[in-house]
Amino acid sequence: MTDTIVAQCTPSGTGALALIRLSGSKALFFASKAAKLSSKKMLSDIPTHTINHGWIIDFHNNIIDEVLFFVMHGPKTFTGEDTIEISCHNNPFIIENIINQLITCGARLAQPGEFSRQAVENGKLDILQAEAIKELIHAQSQESLKLSLSQIHGSFSQHIQALEKPMIQAIALCEASFEFLEEEMDFSDQMSEILNSVQNEVARLTILFDQQKQIREGIRIALIGSVNAGKSSLFNALLGKQRAIVTNIAGTTRDVIESSFFQDGFYWTIIDTAGLRQTNDSIEQQGIERSYQEAQTADILLLVLDGSRITTNQEAIIYKDILEKYPQKCLIIQNKSDLKSTIQNNLFTPILSVSAQTGNGISGLKDLIKTKTALLFSDTSSSFLLNKRHFNLLQSFALELKEAQTLIHSSKEYELISLHLQKALSLLSELTGKSISDKAMDAIFRDFCVGK
Ligand SMILES: Nc1nc2c(ncn2[C@@H]2O[C@H](COP(=O)(O)OP(=O)(O)OP(=O)(O)O)[C@@H](O)[C@H]2O)c(=O)[nH]1
Ligand SMILES: [Mg+2]
């Protein structure tokens with residue numbers, strides 16, 4: 001007997017309709033107490049997987065709302081439990097009244113992620129797939145949407161399961177080596193070879209985690225450069241609105257400002273920063289420190305040069321330093337191309353000349369960012385997304401394999417090697433959720449939204 005839980009699945013806010021889900025062994029029974037159907041039938045007598053018109057009523061037969069009931073008997077439901085979904089009008093008072101009525105009938109309010117947890121506990125999803133649903137809801141780019149969809153269909157689970165087979169093989173060889181110790185049969189070379197290929201695969205997965213940062217969180221594009229170069233003007237031009245303050249006073253921008261939007265399926269966050277220069281003003285100094293921090297974390301750096309004047313020696317030192325530190329992600333952009341006095345910047349060759357003021361070259365700049373983005377993504381060919389939990393478990397897994405390999409090549413203490421391999425195997429089970437502790441389950445579902 002599972003608890004029967006209820007929650008709104010759609011986000012609160014304006015819109016025509018909302019969806020409330022009721023799931024658990026007594027879902028049909030509780031919903032029947034609050035439902036009146038236009039067909040005059042009882043909800044509990046309705047065939048499964050049908051949509052039925054009716055009303056939600058209170059105990060005095062007063063109508064709370066006119067609704068549609070989606071009747072779905074387990075186990076062919078998302079949670080595996082009997083499920084009633086109620087499509088009602090999207091008004092917070094109506095939704096509250098319906099949920100309260102169902103609670104009065106015996107249901108309990110669902111915790112964040114509890115529907116997905118029911119699905120995992122009923123074997124409808126594994127943990128990796130449940131996590132992918134969360135990723136899907138919060139997808140920040142077309143790419144992450146694609147990957148989370150593929151993950152829901154089990155691509156990552158299959159990948160991890162494929163690692164279990166060689167691990168079991170290695171454990172068998174280890175046990176055999178121990179068993180036939182007297183006969184001097186030794187399978188350590190075979191074992192080491194198998195573990196080696198698993199280690200290579202894990203190394204590939206952990207690199208992937210780093211590369212997928214942009215897919216998960218979108219792309220951060222920082223504007224950096226000297227004071228008055230026109231960073232804030234370019235920031236506004238890229239956003240298409242006057243978001244940052246622009247003046248001819250050097251040092252106008254004091255703090256980091258960022259703004260995000262969708263562009264060609266990706267989530268772009270553009271970051272305006274304080275101009276880099278030596279200053280005694282402590283507020284400006286703090287701002288400049290933040291500019292450097294942004295330069296470090298950004299995925300793409302637009303180094304903005306003021307095309308209307310020669311680069312000073314002090315600026316040249318600063319730019320060189322940035323270019324040396326971040327050669328891969330830096331793009332040199334020369335601004336103020338509209339000014340006749342534009343001086344060829346021989347020291348630093350710009351890749352593009354633009355004018356934030358006239359808008360000339362801005363679409364070219366966007367194209368340039370798109371090309372750079374495509375390059376960032378070219379290495380991330382995989383059909384799944386890794387999160388921090390996966391990454392940490394894979395790190396621990398790799399550590400166990402390393403210990404086992406060291407022992408294979410030194411003391412050959414097979415009992416100890418076997419222990420490391422068993423531990424590694426259990427870490428794989430934890431990844432897919434086959435043998436996950438309640439505490440770890442709680443931690444995973446805590447980040448879900450209520451209603452999922
Ligand atoms: N002619 C011309 N002037 C520009 C252009 N872009 C910016 N400016 C002017 O240059 C000055 C500085 O522009 P900002 O955008 O505030 O420069 P910034 O790099 O953000 O400066 P700080 O915030 O001080 O670091 C302003 O007077 C702008 O109007 C441009 O493309 N052409
Ligand atoms: Mg500025």
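Just so you know, ligand 1 is whichever comes first in the structure, and atom 1 is the first atom listed for that ligand.
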Review point. How would you list, by chain and number, every residue that makes a ring pair (Phe, Tyr, Trp, His ring centres under 6.0 Å) with F261, sequence neighbours excluded?
Key: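 Per chain and number, F261 pairs via ring pair (Phe, Tyr, Trp, His ring centres under 6.0 Å) with W268.
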Point to revise | Protein residues that have a heavy atom under 4.0 Å from any atom of ligand 1, sorted by chain and number | key: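 The answer is S226, V227, N228, A229, G230, K231, S232, S233, V246, T247, N248, I249, A250, G251, T252, T253, G275, N335, K336, D338, L339, S355, A356, Q357, counting any residue whose heavy atom sits under 4.0 Å from ligand 1.
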Check your understanding: Do NZ/NE/NH1/NH2 and the carboxylate oxygens of R117 and E114 come within less than 4.0 Å?
Key ->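 No, no charged N to carboxylate O under 4.0 Å.
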Exercise for review: Please say which of Q199, E400, H420 ends up in a side-chain hydrogen bond (donor to acceptor under 3.5 Å, both in side chains) with Q405.
Suggested key: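 That would be Q199; it is the only one of Q199, E400, H420 passing the side-chain hydrogen bond (donor to acceptor under 3.5 Å, both in side chains) with Q405.
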For atom [atom1] of [X], decide whether the heavy atoms of other residues, nucleotides or ligands shown that lie under 6.0 angstrom number more than 12.
X	atom1	answer
E193	CD	no
I283	CD1	no
I103	CD1	yes

Review point. Near the Mg ion (ligand 2), which protein N/O/S atoms are found at less than 2.8 Å?
Key: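 The answer is S232 OG, T253 OG1.
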Side-chain donor-acceptor distances from residues 249-256 under 3.5 Å, at least two apart:
unit_1: T252; atom_1: OG1; unit_2: T247; atom_2: OG1; d: 2.5
unit_1: T252; atom_1: OG1; unit_2: I249; atom_2: O; d: 2.6
unit_1: T253; atom_1: OG1; unit_2: S232; atom_2: OG; d: 2.8
unit_1: R254; atom_1: NE; unit_2: G251; atom_2: O; d: 3.3
unit_1: R254; atom_1: NH2; unit_2: D281; atom_2: OD2; d: 3.3
unit_1: D255; atom_1: OD1; unit_2: R290; atom_2: NH1; d: 2.9
unit_1: D255; atom_1: OD2; unit_2: R290; atom_2: NH1; d: 3.4

Check your understanding: Think R21 forms a cation-pi with F115, using NZ or CZ under 6.0 Å from the six-ring centre and within 45 degrees of its axis?
Key ->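 Judged by the rule, R21 and F115 form a cation-pi pair.
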Point to revise | Ring-ring centroid check H390 F156, cutoff 6.0 Å | key: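 Judged by ring-centre distance (under 6.0 Å), H390 and F156 do meet the cut-off.
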